[in-house]
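The block underneath contains the structure these notes are about, expressed in structure tokens.
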Amino acid sequence: MRTLRFKEESIIPGFSLTLGMTLMYLGLIVLIPISMIFIQTSNMSFSDYWATVTSPRVVASYKLSIGAALAAALINGVFGLLLAWILVRYSFPGKKIIDGIIDLPFALPTAVAGIALTTIYTSDGWVGKYFDLLGIKVAFTPLGVMTALIFIGLPFVVRMVEPVLKDLNKELEEASSSLGANGFHTFTKVIMPVLFPALLSGMSLAFARALGEYGSVVFISGNMPMKTEITPLLIMNQLEQFNYEGATAIASVMLLFSFLLLFLMNLIQWWASKRHT
């Protein structure tokens, strides 16, 4: 009769201790805080919960937050892949500077980023004035929200794709070319299947980061109810009014949606990796 093995054989002991510390840390930092959202929400009746999470103002914020986060993740998927490709495959003056600038959204305080983006993209800003000539307003519109989310999500895609590109065997591309495939078919049939799981992971992280973003968005959005008001701002408003049940009710919807979408993306990523192994 076979026995279940819960650990790999290792010269260095400590499996039980490290597993216990890991579970304790995960529980204190992640599981308990998340569970408190649902525990606090359970104090509401179902009718009150439904009325809170389906009010027109809240639904409008869902559409903006989720839609802008998805759009930003898709745009970052395209340009993040392009930027990672340039950094890995080519050498040019200033390459290290550009490589360092990519991580700037990680280090820059989100409030500072929001103020900077608002200043640049207003109608009289350095960039916004040129958009204004074309009749396009960026600041204080949904487009401004998406711009801020693109800014904070780009590094996730680049840093997920970059190491996969570095480890990609160039002999596969040479073999594809020698067999008569052009550049487009080599990229779509040989390179992209290998990059797709990493690209999807980066887009998932960018989406998750954008969905709960507050600091960089609150300034450039303008916070106009039913138009440019994001869901995290509504949650903050509920907390300022000491309506904790209302805040956790709205947060629970966003949390469930994030779980479902991330689960779907991870399922697609698993399928893609299994298909090309």
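Below, each value reflects all heavy atoms present in this structure, side chains not excepted, and no hydrogens, waters or symmetry copies.
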From the options Thr147, Val138, Val127, select the one residue that forms a side-chain contact (heavy atoms from CB on, under 4.5 Å) with Ile120. Val127
Does the side chain of Leu81 reach to within under 4.5 Å of the side chain of Met192, using non-hydrogen atoms? yes
Is the backbone of Glu245 close enough, under 3.5 Å, to the side chain of Asn43 for a donor and an acceptor to pair up by distance? no
Going through the distances and angles, do Phe79 and Val157 end up as a side-chain contact (heavy atoms from CB on, under 4.5 Å)? CA-CA 9 Å; Phe79 289 97; Val157 179; over 6 Å; no
side-chain contact (heavy atoms from CB on, under 4.5 Å) test vs Leu255 passes for just one of Ile37, Ile250, Leu260, Leu211, namely Ile37
Can you give me the closest heavy-atom contact between Val158 and Ala84, atom names plus distance? O-CB, 4.1 Å
Just by modelled atom types, is the Ser221 backbone N or O under 3.5 Å from a matching donor or acceptor in the Thr228 side chain? yes
What distance do Thr54 atom OG1 and Tyr49 atom OH have between them, rounded to the nearest 0.5 Å? 10.0 Å
Side chains of Asn223 and Phe140 in contact at under 4.5 Å (non-hydrogen atoms): no
What's the spacing between Leu83 CG and Ile98 CD1 if we round to 0.5 Å? 7.5 Å
Using a 3.5 Å distance criterion without hydrogens, assess whether the side chain of Ser65 forms a donor-acceptor pair with backbone atoms of Thr231. yes
May I ask you to check whether Asn243 and Gln238 show a side-chain donor-acceptor distance below 3.5 Å? yes
Judged by atom type as modelled, is there a donor-acceptor pair below 3.5 Å linking the side chain of Ser216 to the main-chain atoms of Thr110? no
Return yes if some donor-acceptor pair links the side-chain N/O of Lys166 with the main-chain N/O of Arg89 below 3.5 Å, else return no. no
First locate atom OG1 of Thr52, then atom CG of Leu234, and finally report the distance between them rounded to the nearest 0.5 Å. 11.5 Å
Less than 4.5 Å apart, side chain to side chain, heavy atoms only: is that true for Lys95 and Leu87? yes
Less than 6.0 angstrom separating the ring centers of Tyr130 and Tyr121, yes or no? no
Considering non-hydrogen atoms only, spot the tightest contact between Met146 and Ala71 and give its length. SD-CB, 3.4 Å
Measure up the Phe242 and Tyr244 rings against each other and bin them: parallel (under 30°), tilted (30 to 60°), perpendicular (over 60°). perpendicular
Can you tell me how far apart CZ (Phe207) and CG (Leu205) are? Round to the nearest 0.5 Å. 12.0 Å
Tell me if a side-chain donor or acceptor on Asp48 pairs with a main-chain N or O of Met44 at a distance below 3.5 Å. no
Quick one, Leu82 with Val78, criterion side-chain contact (heavy atoms from CB on, under 4.5 Å). Give me CA distance, side-chain angles, the key distance, then yes/no. CA-CA 6 Å; Leu82 179 62; Val78 175; 5.8 Å; no
Return yes if a side-chain donor-acceptor contact under 3.5 Å exists between Thr41 and Ser252, otherwise no. no
Do Arg159 and Asp103 pass the side-chain contact (heavy atoms from CB on, under 4.5 Å) test, and can you show the C-alpha distance, the side-chain angles, and the key distance before you say yes or no? CA-CA 9 Å; Arg159 295 313 182 199; Asp103 294 327; 3.0 Å; yes
Within a strict 4.5 Å, meaning less than it, do heavy atoms of the Lys137 and Phe131 side chains meet? no
At what distance, to the nearest 0.5 angstrom, does NZ of Lys96 lie from CG of Asp99? 9.5 Å
Straight-line distance of Leu154 CG to Asn76 CG, nearest 0.5 Å: 5.0 Å
Would you indicate whether Leu134, at its atom CG, is surrounded by more than 12 heavy atoms from other residues, nucleotides or ligands within a distance under 6.0 Å? yes
